[in-house]
Amino acid sequence: QFPRECTSAEALRSARCCPSPFGRANDPCGASLGRGQCLSVQADTRAHGPQYPHVDQDDRERWPLRFFTSACRCTGNFYGFNCGRCKHGFTGVNCDTPVPVVRRNVQTLSTTERRSFVNALHQAKRTVHPDLVIATRRYGELFSPDGNTTMFENITIYNYFVWSHYYSVSKTFLGGGQPSFGGVDFSHEGPGFVTWHRYHLLQLERDIQDMLGDPRFALPYWNFAIGGNQCDICTDDLMGARSSFDENGISSNSIFSQWRVVCESVDDYDTLGTICNSTESNPIRRNPAGNVARPMVQKLPEPQDIEACLQLTTFDTPPFYSTSTDSFRNTIEGYSAPEGTYDPVVRSLHNLAHLFLNGTGGQTHLSPNDPIFVLLHTFTDAIFDEWLRRHPGSSDYPMENAPIGHNRDYNMVPFWPPITNAEMFVTAPENLGYSYEATWPARPITPTEIITIAVIAALFVVAIIFAVTTCAVRSRSHNSEGRQHLLGEQYQRYDDHDTHNSKSQSVV
Ligand SMILES: O=C(O)c1cc2cc(O)c(O)cc2[nH]1
C-alpha cells in the first residue's frame, strides 16, 4: 500500500508522499534529475453506482485522499513511488532499454524453468517487501494515542500480494454495533475487475524481478480452459499435487505444503473493525473438483468458452455489475454464460476456475494465498489482452455509474503510486512492456453457419454436375456433328448417286 518512508506519524500528517530516490536529500521524486514531480493526487469525482450508499464511512472512498493528497508523478519511462525505477519492460540508467517480458504457458516450461518459477514464488513468500508497508488499522485508529507512531507493518512480497487483494474486497466497517457492509468490492463485480487484477500481477512480477535482479522474469499462465475434472498444474513440480493423507491438503513433496495463509480471520476483522495484518495461520487448502455440494463447479471451463467470450463486442454494459449481460467483462469474470447472457446460477471462466479449486483459492478474501491464483489470473489477463487486440479503439470503459472503485478514472485500491483503471485499459505489448505467448482456439462453427456451408456446398456440387453434363452433351453432339460432317459428303454422294440412278432408272 504505502512506501515505508511515508508512514511515519509526521509524514502521514503532512498527507504528502514524495520521497527522494537513490538516498538523495531534498530531491522529491528525483525532480533535479528530471525523473518526476510531486503533484496533487487527482481522485475520481464522478458518480458511482447505487450498490454503495454510504459517504465518508470507508478509507477507500476517493482513494487515496484519506491518507495522502500529494504523490510523485514520474516522467517518460521513469516509474515508482519516488520515480527511482523504470516502467515495466524497460531497464538501464535512463530507463530507455526495452526488456522483453514474455509470459508463457506454464506447461511449456522446462524442468529447470518450473523449478526457478516455484523458487521465485517461495523466495517472495519469505522476503520482506523492500518499499511497501501495510496499515493494520483504519485511518481513524492508525495513530497511537500519543500521536507519535502509526500502525503500519512490514509484510513479505507475496503476502503483500495477498493482503492487497483482501483489502480491496473487505467489507466497510460501520461501527456502532452495525454489521459491516458487504455490498462493496473494489476489484470484482465491475469493469475494474480486469484492470485491477492486471496491475496486481504487474506489481508482483516487478517485485519479483527486483528481488531476483532479473528484469526478464515473467509470470507464466495456466490455461484453465481444458474442461474435465483434473487440475493439470497440481503436480509437485508446479503448484503441488494432492496430499496422500488429506484430500484438502497439498503433498509434502511440494514447497507449497509449507506455506501458511494470511488474512484468514475475516470475521474478526469485520466485527472488530480491524484489518488483516502479516500474521500467518493455517496451510493452504485445496480439493480440485471436490465440491460435492455444487456439481456445476466440479469441471473446468471448456476451450470453446474462451472463443465465445472473445466474440463479445462490448466491454461492459449497464449496470456495470455482476448482473451485466452481453458484457465481455462480466463474462470473463464468470457471472455470465460464456456467450454473454447473465444468469444468476451460472459460474463460468474465471469464477469457475476459482470455485473448481474448492478451498483457499475459492474464497475472495483468501484466494491469492494459493499460488494457483497467479497462474489463473495471468491467463484471465491474457484473454483480456486478446480481447483488447481484437477490438481496437474500444473506448467503452465507463466513466461513471460503475460500482465504487470501478469508474474509469478511479485510483485502484490500495495501490501506490496512484494508478487509474484507465491506465490498465490498454494493450500490454505496446503499452505495458509484456506480452503473452499464446494461441487461441478457433471459433466453433454455429448451426446457421453449418447450414449455410451445406447449402453452398450442395449448390457447388449441382453446378459441377450441371457443367459436366452440359460439356458431355455438347461434346457428344459436337462429335456426332463432326462425324456427320466427315461422312456427309460420302452420304451425299451415295444419295446423289442413288437419286441420280433412280432418276436415270426412271428415265430409262
Ligand atoms: O463465487 C464466486 O463466483 C467466486 C469465488 C471467487 C473467489 C475469488 O478469489 C475470486 O477472485 C472471485 C470469486 N468468485
Side-chain angles (χ1 to χ4, degrees), residues 51 158-171 182-201 203-204 219 221-222 224-225 231 233 239 248 259 261-264 266 276 284-301 305 309 321-325 327 329-338 341-384 403 405-406 412-414 424:
Q51 300 83 4
Y158 196 89
N159 285 346
Y160 173 67
F161 181 70
V162 180
W163 183 92
S164 48
H165 193 262
Y166 148 81
Y167 189 78
S168 74
V169 303
S170 60
K171 294 182 180 178
V184 64
D185 188 328
F186 287 80
S187 57
H188 302 83
E189 302 186 54
F193 164 72
V194 281
T195 46
W196 191 96
H197 285 86
R198 167 167 278 197
Y199 188 79
H200 190 222
L201 292 169
Q203 188 165 43
L204 177 69
L219 298 172
Y221 65 86
W222 170 38
F224 56 66
C231 171
I233 54 168
M239 299 293 103
N248 292 299
W259 281 29
V261 306
V262 290
C263 303
E264 202 170 27
V266 68
C276 159
I284 297 166
R285 293 170 70 78
R286 189 196 292 159
N287 181 1
N291 190 339
V292 287
R294 278 180 92 176
M296 264 181 60
V297 302
Q298 289 174 354
K299 282 212 172 116
L300 284 166
D305 298 348
C309 88
Y321 191 44
S322 47
T323 51
S324 291
T325 205
S327 146
R329 188 277 312 160
N330 206 34
T331 306
I332 181 62
E333 187 168 358
Y335 289 106
S336 294
T341 310
Y342 168 67
D343 179 342
V345 300
V346 160
R347 285 296 182 272
S348 67
L349 293 158
H350 151 269
N351 279 341
L352 179 54
H354 269 293
L355 297 174
F356 173 84
L357 297 177
N358 187 32
T360 304
Q363 302 166 67
T364 40
H365 66 285
L366 281 181
S367 52
N369 278 295
D370 186 331
I372 288 182
F373 180 101
V374 175
L375 302 175
L376 187 164
H377 272 280
T378 38
F379 188 57
T380 307
D381 185 61
I383 300 167
F384 171 42
H406 292 258
M412 293 181 281
V413 176
M424 289 291 117

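Each ligand, and each atom within it, is numbered from 1 in the order the structure gives.
- With sequence neighbours excluded, the residues that form a ring-ring contact (aromatic ring centres under 6.0 Å, His included) with Y158 are F161, W259.
- Residues H200 and F373 form a side-chain contact, since some pair of their non-hydrogen atoms from C-beta on lies under 4.5 Å apart.
- When atom types are taken as modelled, the side chain of H354 and the backbone of G361 share a donor-acceptor pair closer than 3.5 angstrom.
- Those atoms of ligand 1 with a heavy atom of G362 less than 4.0 angstrom away are 5 (C), 6 (C), 7 (C).
- Close contacts of ligand 1 with S367, meaning ligand atoms under 4.0 Å from a residue heavy atom, involve 8 (C), 9 (O).
- Although no hydrogens or angles enter the test, the distance criterion places a donor-acceptor pair under 3.5 Å between the side chain of N330 and the main chain of S322.
- Distance alone, capped at 3.5 Å, is enough to place a donor-acceptor pair between the H406 side chain and the G192 backbone.
- Considering only non-hydrogen protein atoms, atom 11 (O) of ligand 1 sits nearest to H188 NE2, 3.0 Å.
- The part of L355 lying near ligand 1 is the side chain, judged by heavy-atom distances below 4.0 Å.
- Between E264 and L366, the closest heavy-atom pair is CA-CD2, 3.7 Å.
- Ligand-side atoms of ligand 1 in range of N351: 3 (O), 4 (C), 12 (C), 13 (C), 14 (N), range being under 4.0 angstrom from any heavy atom.
- For E333, the heavy-atom gap to ligand 1 stays at 4.0 angstrom or more.
- Among protein heavy atoms, atom 2 (C) of ligand 1 sits closest to R347 NE, 3.5 Å.
- Distances from atom 6 (C) of ligand 1 to the heavy atoms of V169, V297, L357, T364 show the closest one on T364.
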